[in-house]
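Keep in mind that the numbers below use all heavy atoms, side chains included, and drop hydrogens, waters and symmetry copies. Along the sequence shown, residues are numbered consecutively beginning with 1.
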Amino acid sequence: SGCSQLMPCVYDTADCRYDAYDCISVVPGGSCQIKCKPPYAGDSVVASCSVTNDRPDGLNLFQGLPTCVITSCADPWPVPSGYVKVDSKWQCDANYTDGGLGVTKTCIPSSDGACTASSELSGCQRESPCLPLVLADQCWLNTTQCTGMYPGQRCSVPCRSGWQGEPGYAVCPVGNVDGEAAMVLYPPQCDCEEPFPVPPEYMWNKDDKKWYCADGYAGSAAKTCMPGPNCTTVPSLVGCYAPVPCEVAPWEDRGSSQGYLVGTLRFGSAKVGDMISEADVTSYSVFFADADCTPRGEPLETLRKKNISSACCRDNVYSVDLSLAIPEGAVRLMIAANTPRGRSPDGGVIELADLLGQFQDRIEFEFKIQGIEYNSLMAAPTVLHSVEVALRTAIADEAGEDITPAHVDVTLSAGSVKVDVRISPPFGTDVAQVHYRLQRNPSAISAAVRKEVMAADGVDSVSSGPISIQGITEPKLISRTRVHVASFAEPSTRPRAWQVLIALHTVLIMGIR
């Protein structure tokens, strides 16, 4: 006893996943392979039979059974929505996307243990359009074309009316499946339109399509787009200014008279905008100018710039002595900066009226107003004011276009109402011409004054009868000319010889009288 019969190991399985044909009969000490059976696939395992095996079920499965996965199965039927087979490969149908990952076909073993499998496709999703493009903070873009865009589609995004630039675009991302996804914007570079009309300080260069300072102006031109109502824009140009002296010192008079100017003019360096800068200035010209700042004749003096750098304005950087007659039509002295591109259209100004107004001739005459009670008029300030305005207006209209009511002064006194008139024409006015106009037609003055006075507010309340104008005297031209003595030397307190002679002559005449 103690001995047993050796026998082969026998292994067989009904599981359709395994191919165990090699292990049907394994002699003691031998081994075999268990593999996956198609349509399953996986690694194989080795089983062994002991050299002393005396049992038919003695096969040792030390590695266990192989892991087998089904790898082939029939295509699904019916084909699910969103999939299509092209050249033996599954892919997403139109309006579906796999997100770049491809389509996967999965074989699913039968749940009842049978060696069959069904198939399932995955990876495709229905594409969804992006949300309409809405840009609350970029109203200068026109987004009306960007509605209902499907994945991969793009729409044009031009600049709105009033702006200019090449159109941009927006794209709905390829493969988008999110109904709340926003479009990707590639915006245009919108600029406001060019300003029109062009301000006089600027000029457009057609060659390089840039703005520059116009002739006579200084600085650096730049266009800005100011926001307007309803997402409009207001283009404007900035950076160019007429260079003008930062300050003009008070005129130093040395004996000016009517029609002749003698003194010293001093002024500071050019101011460009808010900064003192002579970068674009080459020189300064001093000249007489009319009321429109148009030069009257050639420059009186031209001074080269001194290139003095200072952040503060000094009114004595430049000076020029003048002794010359004033040309007809000149009403001011003007200092203009010259630039490489011409003379500045603006400049420092001294009004000749401020210097020589004391020498301007005037016109005087008088008349009476009958039919107005003087004391009643003086007791009614409102009516008095209306009558004075009426008088000044009527007289100014008759004196000519250079005379305004501000140039007419009236003084009222008793005697019915006596009116003393003094007309002080503005500097530069031809006083002789005004005098002639008033002198030639006194009846026209009477008629005009009567009409205006009768129309004055409240005049009826101070009236004592029919209003008439009587006793207009002949207008007198009062000359205020002073003898001119041109000298830039300091005045002497000692009388000169000719002054002594004139004084003696005056004494003798007075003695004779």
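- Contact check for Pro158 versus Gln145: side-chain heavy atoms found under the 4.5 Å cut-off.
- In this structure, the separation between CD1 on Ile350 and CG on Leu355 is 6.0 Å, given to the nearest 0.5 Å.
- Within the 4.5 Å cutoff, no side-chain heavy atoms of Asn142 are placed close to those of Val157.
- In this structure, the side chain of Thr339 engages the main chain of Arg341 through a donor-acceptor pair within 3.5 Å.
- Cation-pi geometry between Lys306 and Tyr318 is satisfied (NZ or CZ under 6.0 Å from the ring centre, within 45° of the ring normal).
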Please evaluate residues Ser283 and Thr302 with respect to the criterion side-chain hydrogen bond (donor to acceptor under 3.5 Å, both in side chains), reporting the C-alpha separation (whole Å), side-chain torsions for both, the decisive distance (0.1 Å), and the verdict.
CA-CA 7 Å; Ser283 60; Thr302 298; 5.8 Å; no
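- Sorted by first then second residue, the disulfide (SG to SG under 2.5 Å) pairs that include residues 263-346, not counting sequence neighbours, are Cys246-Cys313.
- Within a 6.0 Å radius of CG in Asp274, no more than 12 heavy atoms belonging to other residues, nucleotides or ligands are found.
- Atoms CG and OG, on Asp280 and Ser344 in that order, are 11.0 Å from each other to the nearest 0.5 Å.
- You'll find the side chain of Asp321 stays beyond 4.5 Å of the side chain of Ser323, heavy atoms only.
- In this structure, Glu194 places its CD atom where more than 12 heavy-atom neighbours from other residues, nucleotides or ligands lie under 6.0 Å away.
- For the pair Ser446 and Ile472, the minimum side-chain heavy-atom distance is below 4.5 Å.
- Of the possible polar contacts, one joining the Arg296 side chain to the Glu328 backbone as a donor-acceptor pair under 3.5 Å is found.
- Remark: side-chain polar atoms of Tyr96 are not paired, donor with acceptor, to backbone N or O of Tyr83 under 3.5 angstrom.
- Residues Trp163 and Cys225 form a side-chain contact, since some pair of their non-hydrogen atoms from C-beta on lies under 4.5 Å apart.
- No side-chain heavy atom of Val174 sits under 4.5 Å from any side-chain heavy atom of Thr97.
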Show, in sequence, the C-alpha distance, side-chain angles and deciding distance for Leu131 and Glu180, and conclude whether the side-chain contact (heavy atoms from CB on, under 4.5 Å) test is met.
CA-CA 6 Å; Leu131 292 174; Glu180 299 297 316; 3.9 Å; yes
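- For the atom pair Asp430 CG and Arg437 CZ, the distance stands at 12.5 Å (nearest 0.5 Å).
- In this structure, a donor-acceptor pair under 3.5 Å is present between the side chains of Ser285 and Asn338.
- A heavy-atom distance below 4.5 Å is found between the side chains of Leu391 and Phe367.
- Other residues, nucleotides and ligands contribute only 12 or fewer heavy atoms inside 6.0 Å of the CD atom of Glu401.
- Annotation: ring pair (Phe, Tyr, Trp, His ring centres under 6.0 Å) contacts involving residues 373-420, sequence neighbours excluded, are absent.
- Contact detail for Val248 and Pro245: the closest heavy-atom pair is CG2-CB, 4.4 Å.
- A donor-acceptor contact closer than 3.5 angstrom links the side chains of Ser443 and Asn441.
- Thr264 and Ser319 are not linked by any side-chain donor-acceptor pair at a separation below 3.5 angstrom, with hydrogens and angles left out of the test.
- Between the side chain of Ser386 and the backbone N or O of Thr382 there is at least one donor-acceptor pair closer than 3.5 Å.
- Annotation for Ile467 and Arg450: closest pair O-NE, 2.8 Å, computed over non-hydrogen atoms.
- Taking the six-membered ring for Trp and the full ring otherwise, the centers of Tyr284 and Phe267 sit less than 6.0 Å from each other.
- Under a 3.5 Å cut-off, the side chain of Asp290 and the backbone N or O of Thr294 do form a donor-acceptor pair.
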Kindly determine whether Leu384 and Met378 satisfy side-chain contact (heavy atoms from CB on, under 4.5 Å), including the steps that lead there.
CA-CA 6 Å; Leu384 175 62; Met378 293 298 107; 3.4 Å; yes
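- For Lys305, the NZ atom is densely surrounded, since the number of other residues' heavy atoms within 6.0 Å is greater than 12.
- For Asp253 and Ser256, the side-chain atoms include at least one donor-acceptor pair closer than 3.5 Å.
- Using modelled atom types, no side-chain atom of Thr104 and backbone atom of Ser122 make a donor-acceptor pair closer than 3.5 Å.
- Looking only at distances, no side-chain donor or acceptor of Glu351 sits under 3.5 Å from a matching main-chain atom of Asp354.
- Of the possible donor and acceptor atoms, none in the side chain of Arg362 sits under 3.5 Å from a partner among the backbone N and O of Leu477.
- Nearest approach of Ala399 to Val434, heavy atoms of both residues: O-CG1, 3.8 Å.
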Is there a side-chain contact (heavy atoms from CB on, under 4.5 Å) between Arg343 and Phe287? Walk through the geometry before answering.
CA-CA 12 Å; Arg343 179 183 295 164; Phe287 50 84; 3.8 Å; yes
Applying side-chain contact (heavy atoms from CB on, under 4.5 Å), run through Glu364 and Ile478 and close with a yes or a no.
CA-CA 7 Å; Glu364 296 179 354; Ile478 310 299; 4.0 Å; yes
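- Counting only heavy atoms from C-beta outward, the side chains of Val238 and Trp211 never approach each other to under 4.5 Å.
- A donor and an acceptor atom, one from each side chain of Glu452 and Thr393, are nowhere located under 3.5 Å apart.
- By the salt bridge (charged side-chain N to carboxylate O under 4.0 Å, His left out) test, Asp191 is found to be paired with Lys223, residues two or more places apart in sequence or in another chain being considered.
- Around the CD atom of Gln370, the shell of radius 6.0 Å holds more than 12 heavy atoms that belong to other residues, nucleotides or ligands.
- Between Asp315 and Glu247, the closest heavy-atom pair is CB-CG, 3.7 Å.
- One finds a salt bridge joining Glu252 and Arg266 here, because a Lys/Arg side-chain nitrogen approaches an Asp/Glu carboxylate oxygen to under 4.0 Å.
- Rounded to the nearest 0.5 angstrom, Lys476 NZ and Ile363 CD1 are separated by 13.5 Å.
- Of the possible polar contacts, one joining the Tyr202 side chain to the Gly239 backbone as a donor-acceptor pair under 3.5 Å is found.
- Taking every heavy atom of both residues into account, Ala330 and Leu352 meet most closely at O-CD1, 3.8 Å.
- Judged by a 6.0 Å distance limit and a 45° cone about the ring axis, Arg154 is positioned over the six-membered ring of Tyr169.
- With values rounded to the nearest 0.5 angstrom, Ser464 atom OG is found 11.0 Å from Asn375 atom CG.
- Ser128 and Asn176 share no side-chain donor-acceptor pair at under 3.5 Å.
- Formation of a donor-acceptor pair under 3.5 Å by the Thr143 side chain with backbone atoms of Cys146 is not found in this model.
- For the atom pair Asp98 CG and Gln91 CD, the distance stands at 9.0 Å (nearest 0.5 Å).
- No hydrogens or angles considered: a donor-acceptor pair under 3.5 Å links the side chains of Glu474 and Gln439.
- Closest of all the heavy-atom pairs between Ala270 and Pro243 is CB-CB, 4.2 Å.
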